[in-house]
Each structure stands twice: as C-alpha cells, then as structure tokens.
Amino acid sequence: MIKEYKGLVNIVGPLILVENVKDVKYEELVEIELADKSRRSGKVLEVMYDKALVQVFEGTSGIDIDKTKTRFLGRGIQIPLSQDMLGKVYSGLGKPKTKNDEILPEEFLDINGSPINPFARDYPNEFIQTGISTIDGLNTLVRGQKLPLFSGSGLPHNRMAAQIARQATVLGKNEQFAVVFGAMGITFEEAQFFIDDFKKTGALTRSVLFLNLADDPAIERIATPRVALTTAEYLAFKKDMHVLVILTDLTNYCEALREVSAARKEIPGRRGYPGYLYTDLSMIYERAGRIKGKKGSITMIPILTMPEDDKTHPIPDLTGYITEGQIILSRSLHRKKISPPVDVLPSLSRLKDKGIGKGKTREDHADLFNQLYAAYARGKEAQELAVILGESALTDIDKLYFRFAEDFEREYVTQGEYENRTIEETLNLGWKLLSIFPREELKRVRDENIEKYYKKAD
C-alpha cells in the first residue's frame with residue numbers, strides 16, 4: 001500500500017527526514033515529489049518510532065522542506081529482468097540509456113538479494129580462459145571464484161577489464177557465457193571506451209553494461225553493484241548461463257558509502273569508512289559462486305584502485321580477507337612500458353590448483369607455474385644484486401636468471417590489448433622461456449614433464 005506524507009523535518013547531505021510515518025520498512029523504496037512536480041527516488045535507511053531517514057538517489061539540491069511530498073511504495077528497489085538485456089546498456093540504477101535498451105521484462109527482482117548459503121555452495125573447479133598469460137598461466141581464474149584486481153590511479157585496469165570481458169570463456173564446453181559489467185564513478189570518456197570497445201569487438205552481444213558516471217549522484221553508486229549482481233543471478237540461476245561479473249571501481253563505491261555514513265553522523269572506523277565496511281563488501285562478494293544442483297555460475301572480478309598504491313588501505317585489505325586471491329598491477333612495471341603491468345610475485349589465486357591439470361588445462365601446468373615463479377623470483381634478486389654490486393659480480397647462473405627475469409617481463413607478462421592467447425600458447429611460452437636454463441636447474445618440474453616439454457635453447 002502506498003503512503004504519502006507532505007513536508008520534511010530536515011535535509012542533511014543526501015538524506016531527508018520524514019516524520020509521523022506509519023508501517024514504513026527498512027530498505028523500502030520512496031518516491032519524492034518536488035514543488036515543481038519533478039520526481040526523485042530514494043530508499044529508507046533507518047526507521048525510529050514515527051520517523052524515517054531516506055537516502056535520495058538523485059541528491060537533495062532544490063528540495064523545499066515544506067512543499068515536498070514523500071510516497072512510501074511498500075517495496076524494495078526492483079529491477080526488470082529478461083534475457084533480452086544482453087547487448088544493452090543501462091544506468092547505474094538499471095534504467096535504459098536509450099530507447100533501444102528497453103526490454104519487455106519477464107520478472108522483477110529486488111536488487112538486495114542475499115549471499116549464497118555456504119551449505120548450498122558447490123566448490124569451484126573449472127578453468128576459465130581469459131586469454132591473458134599472467135592470469136591463465138600463473139593466477140588461474142576458476143568458475144565461481146572471486147578474484148579481485150588491485151590497481152592504482154592511472155594504471156590500465158579498465159583496459160585489462162575490457163580485455164577479460166571480451167576474451168573470457170569456459171573451455172571444452174558448449175555453454176552460454178555472459179558478462180555483466182558494472183562501472184561506478186567512471187568518466188564519460190571511460191564509459192564511451194567500454195561501449196565502443198564492446199560494440200567493435202562484438203562482445204556487447206553477450207554483455208549487459210551498467211554505467212554510473214562520475215557526474216551521476218554518488219548515492220546511486222551504492223545500488224550499482226547490487227543491480228549488476230541481481231542481473232547476474234537471474235542469468236546464472238534462472239537461465240543456466242555462466243556469468244562473469246566485472247565491477248569497477250569498488251573504491252568509488254566505498255567512497256559513496258563513507259559519504260552516506262558521514263551524513264548519518266555514524267561513528268567512523270578506519271580512515272573514516274563506516275565500521276560495517278567489511279560486512280557491506282562481503283554482502284556483495286559472497287553473491288558470486290556456484291550452487292549445488294544449478295547449471296549456471298557467477299564468477300566475479302572486482303576492480304579497485306588502491307589509494308596511494310597502499311595495499312594496507314581498508315578497501316584492498318578487507319577485500320583480501322573475503323575473496324580468493326588478488327591480481328596486483330604494478331606502477332614500476334607500468335613505467336617500464338610493460339602492459340598489462342601485472343606484478344606476478346605478490347599476485348595470487350587461491351583456487352588455481354583446483355582449475356588446472358590433466359583434463360582441465362594440461363598435466364604440466366602446476367609444475368610449470370611453480371618453476372616460473374621460482375625462476376622469476378631469483379631473477380629479481382639477481383637484478384637487485386646487480387644494482388648494488390654491478391652485473392660483473394654475478395655468477396654465470398645468476399646472469400641466466402637475470403636474463404630470464406627480463407625475458408619473462410618482456411615476452412610473458414607483456415601482451416597486446418587484443419592478443420588472445422590460448423592456454424596451450426601460454427604454457428608453451430613458459431617452456432620456451434625456461435629453455436635457457438640447464439636441465440638440473442628445473443628442480444620444481446617432474447621428470448616426465450621435462451622429458452615431454454623441455455627443449456634446451458641453443
């Protein structure tokens with residue numbers, strides 16, 4: 001039942017306070033009618049006795065306390081859903097960007113959803129090929145996994161996100177694969193890049209884009225990841241599709257959360273973020289995964305820019321606790337013109353062992369990435385030693401590792417933006433790079449894999 005009230009008690013930032021309300025629920029959708037008959041939307045953040053605190057999505061500028069009418073709609077924020085959404089572009093709140101993006105909805109679902117029950121979860125164990133060697137070969141993405149991308153301001157994380165969205169596929173299966181792309185607080189130029197790139201490469205036909213721009217209300221950003229995930233849940237668990245959800249930039253989402261928290265005069269936690277930041281992020285991340293008895297799945301790659309490239313900042317720090325690993329982009333590699341500038345050594349996929357091996361990628365995969373990691377780590381140590389003592393002070397074997405580290409960054413890490421490497425190409429490239437070492441240096445590879453794949457360089 002719709003209830004209407006005239007007049008407000010107070011306006012603070014993006015919040016309005018309405019009094020003398022009855023039977024109003026938390027998270028209920030609100031319609032606000034201004035004096036000029038224009039309308040805005042919001043949701044109930046808090047209810048106390050006969051007062052309701054409402055968050056206004058479009059902001060509170062121009063609202064007259066006495067002449068504003070508030071209607072409580074008796075339901076949460078819902079999004080119209082249909083499989084026809086694939087190939088279309090929407091605002092951060094799920095509103096069509098153009099006439100062509102409108103659909104005939106099959107269903108309306110509340111955007112808040114709920115995290116997957118741990119008992120109902122199925123274990124992720126199927127390899128997803130992204131076409132990027134540093135992910136496929138060393139930090140393998142598995143279907144149903146949450147693998148965040150930790151980046152910094154000015155690094156090419158958005159281009160890498162677009163490349164993953166274009167190229168991602170489940171190998172060996174003729175199953176429907178979709179991408180749900182949610183962007184928060186991006187510039188118009190970035191939004192246009194995603195739209196143009198997806199259209200040009202044909203990736204748009206299997207994608208749904210939700211774009212919240214930097215000049216859109218910050219409050220809208222809080223709804224954007226939930227809108228994207230509700231769409232992903234519909235496609236995965238009702239239409240049996242495998243869905244890759246890419247969310248960028250979670251830092252902008254957390255800034256919007258901090259803005260609302262400050263307006264509510266809540267006691268701040270670390271660096272001014274609300275104390276419930278961990279809970280809020282987990283309610284987003286834990287909506288990804290696989291469910292027993294369901295064919296579809298949701299795999300998530302959240303992207304966040306670390307303020308001042310600080311891994312201990314609350315956003316990446318808390319994200320690391322909830323998700324299953326992280327891909328870290330390096331500013332020093334970016335300065336060396338290595339793209340994508342993935343810092344291999346601190347990057348990690350905690351589920352990679354479950355998605356590789358015979359029948360999934362290749363039987364030598366595990367041995368190979370262990371050897372590549374070890375060789376690259378020793379090569380970086382040799383490079384640091386050369387800076388202090390000079391290259392002439394290195395032993396012959398250390399010089400080989402020094403050279404390997406350079407070759408590894410130039411040939412394995414560096415990859416064209418539209419270069420889609422198969423897992424076979426990635427693994428063969430790893431063996432080619434290891435071929436500069438004598439056989440006795442390959443201490444992490446089993447003899448049968450050495451016999452089959454190792455070829456000594458001339």
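Just so it is clear, the model here is predicted, and its values are computed rather than measured.
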So, [X] versus [Y]: side-chain donor-acceptor pair below 3.5 Å or not?
X      : Y      : result
Glu255 : Tyr273 : yes
Asn100 : Thr98  : no
Arg287 : Thr230 : yes
Asn420 : Arg166 : no
Thr426 : Arg421 : no
Arg143 : Ser297 : yes
Tyr401 : Glu381 : no

Original post:
For atom NZ of Lys311, is the number of surrounding heavy atoms from other residues, nucleotides or ligands below 6.0 Å larger than 12?
Top reply: no

Original post:
Is atom NZ of Lys294 surrounded by more than 12 heavy atoms (other residues, nucleotides or ligands) closer than 6.0 Å?
Top reply: no

Subject >> Atom of Tyr454, atom of Leu434 and distance for their closest heavy-atom approach >> reply: CE1-O, 4.1 Å

Original post:
So, Arg331 side chain and Ser153 main chain: donor-acceptor pair closer than 3.5 Å or not?
Top reply: yes

Original post:
Does Gly59 offer a backbone N or O that forms a donor-acceptor pair with the side chain of Arg40 under 3.5 Å?
Top reply: yes

[X]/[Y] ion pair, N-O < 4.0 Å:
X      : Y      : answer
Asp398 : Arg378 : yes
Lys358 : Asp367 : no
Glu424 : Arg362 : yes
Arg403 : Glu406 : no
Glu106 : Lys238 : no
Glu286 : Arg121 : yes
Arg271 : Asp310 : yes

Name the atoms and distances for all side-chain donor-acceptor pairs under 3.5 Å in residues 348-355, with sequence neighbours left out.
from   : atom 1 : to     : atom 2 : distance (Å)
Ser349 : OG     : Thr140 : O      : 2.7
Ser349 : OG     : Gln145 : NE2    : 3.0
Arg350 : NH1    : Thr323 : O      : 2.9

Subject >> Residue of the set Thr169, Thr299, Val170 for which side chain to side chain contact (heavy atoms under 4.5 Å, CB included) holds with Phe177 >> reply: Val170

Original post:
Name the one of Leu149, Thr224, Ile284, Ile301 that satisfies side chain to side chain contact (heavy atoms under 4.5 Å, CB included) with Leu247?
Top reply: Ile284

Would you indicate whether the side-chain heavy atoms of [Y] and [X] approach each other to under 4.5 Å?
X      : Y      : value
Tyr90  : Val227 : no
Val344 : Phe408 : yes
Asp215 : Phe188 : no

Original post:
Would Lys432 count as a cation-pi partner of Tyr412, with NZ or CZ less than 6.0 Å from the six-membered ring centre and within 45° of the ring normal?
Top reply: no

Original post:
Can a cation-pi geometry be assigned to Arg221 and Tyr253, taking NZ or CZ under 6.0 Å from the six-membered ring centre and within 45° of the ring axis?
Top reply: no

Original post:
Going through the distances and angles, do Lys199 and Asp197 end up as a side-chain contact (heavy atoms from CB on, under 4.5 Å)?
Top reply: CA-CA 5 Å; Lys199 281 181 179 176; Asp197 185 80; over 6 Å; no

Original post:
How about Phe150 and His313: are their ring centroids closer than 6.0 Å?
Top reply: no

